[in-house]
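Worksheet: one structure, shown below.
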Amino acid sequence: MLRKITTLVATAALSATLIAGSALASGPIVIKFSHVVAENTPKGQMANKFKALVEEKLAGKVKVEVFPNSQLFGDNKVLEAMLLGDVQMGAPALSKFSRYTKKLQIFDLPFLFKDMAAVGKFQQSDKGHELLKSLEKKGLVGLGYLHNGLKQLSSSQPLRVPADAKGLKFRIMSSDVLAAQFEAVHATPLKKPFSEVFTLLQTRAIDGQENTWSNIYSKKFFEVQPYITESNHGLLDYMVVTSKEFWMGLDKNIQSEIKKALDEAIAFGNKIAAQKSLDDRQKIIDSKRSKIIELSAAERSQWVEAMKPVWQQFEKEIGKDMIDAAYKSNM
Ligand code: SIN
């Protein structure tokens, strides 16, 4: 009997040692957060804030490693890597999800949103929440939207009316809607990763690109693009995503603390986005490297007229109800 009890105690002690040992060996949960932009951008700042908040609230339990500037994964690889478990979080531009869902193409429709208030209103509506869930069948969880802002057209030549873009080559993100948008003005769209844009512009392999003030400034596109048309023709926003496998595998309390930290970091990033689009625009003007072209109402309406047929082209894939709901957010 005594021998039996001694064996049981020894077994229990051994199991306790093994459990403690494995907890110690596994260490904190590591979230690798990969993105493609500079640190001094809305997304870069949001990711750093998220790291600070998580590591304050979940000290010793969760660690966040942020990889900016395509250091870990570029545009077209991050979601694949997430599904393989090589990275846990990212915030790709909404234009970069088309391999996983066609629904998010709505955010690329030209001239759909009149300003960022309308974008925010739509993203926070029921339809906006529905779109956050559109990746679940593909094993991805949308955790929230993050703003960057409205896009401008930069070019080696002045662009005032759509005819000025005819025959020019523009780099675009990997989106068929963006391709159709440039085809609508008889320009040639080229899908290229963000990390290649500066060199493509500098070597004149392409004539122009579309981006927000903060990306044009932080990646120095304005230094190699003599003209920027303030077109505000489209949106560049992000979805913060993780894999379903990683997210569902988290302890519920930890998951809820991470989500709270993310919501706070997104609110912080959105404030930065609004301020940066004003400040970085001004810095570009002050640099005198690039001339900013402001469109008259008549010139702008020519762009709208030329590009708006793209809505109809993608109506089936996106859903008319979705487009109508997004359009109504302008009211
Ligand atoms: C980004 O802001 O994440 C990149 C945008 C782009 O590819 O143009």
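Order of appearance sets the numbers: ligands from 1, and atoms from 1 within every ligand.
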- Item | Distance filter under 4.0 Å to M173 heavy atoms, resulting ligand 1 atoms | 5 (C), 6 (C), 7 (O), 8 (O)
- Shortest protein heavy-atom distance from atom 2 (O) of ligand 1, along with the residue and atom involved: Y238 OH, 2.6 Å
- Note on the structure: The atoms of ligand 1 lying under 4.0 Å from a heavy atom of L236, numbered in the order shown, are 2 (O), 5 (C)
- Test salt bridge (Lys or Arg N to Asp or Glu O under 4.0 Å), reference E294, set R160, R300, R281, output is R281
- Task: Using the ring pair (Phe, Tyr, Trp, His ring centres under 6.0 Å) rule, take F97 and F107 through it: C-alpha gap first, then chi angles, then the decisive distance, then the call.
- Result: CA-CA 11 Å; F97 287 94; F107 291 106; 9.9 Å; no
- Would you mind checking if D176 and K191 are paired as a salt bridge, meaning a charged N to carboxylate O distance below 4.0 Å? yes
- Supply the atom-to-atom distance E230 CD to L295 CG, rounded to the nearest 0.5 angstrom. 8.0 Å
- Compute the minimum heavy-atom distance from R171 to ligand 1 and say whether it is under 4.0 Å. yes
- Enumerated ligand 1 atoms positioned under 4.0 Å from heavy atoms of V37: 1 (C), 2 (O), 3 (O)
- Message: Strictly below 4.0 Å, N to O, side chains only: are R171 and E196 in salt-bridge contact?
- Response: no
- Query: How does N215 reach ligand 1, if at all, at less than 4.0 Å between non-hydrogen atoms: by side chain, backbone, both, or neither?
  - Reply: side chain
- Charged tip of K49 within 45° of F33 ring normal and under 6.0 Å: no
- Basic-acidic side-chain contact under 4.0 Å: R99, E80: yes
- Message: I want to know if ligand 1 touches N211 in the polar sense, i.e. an N/O pair below 3.5 angstrom.
- Response: yes
- Message: Can you name the atoms of ligand 1, numbered from 1 with element, that are less than 4.0 Å from a heavy atom of K43?
- Response: 1 (C), 3 (O)
- Query: Is there a heavy atom in K96 that sits closer than 4.0 Å to ligand 1?
  - Reply: yes
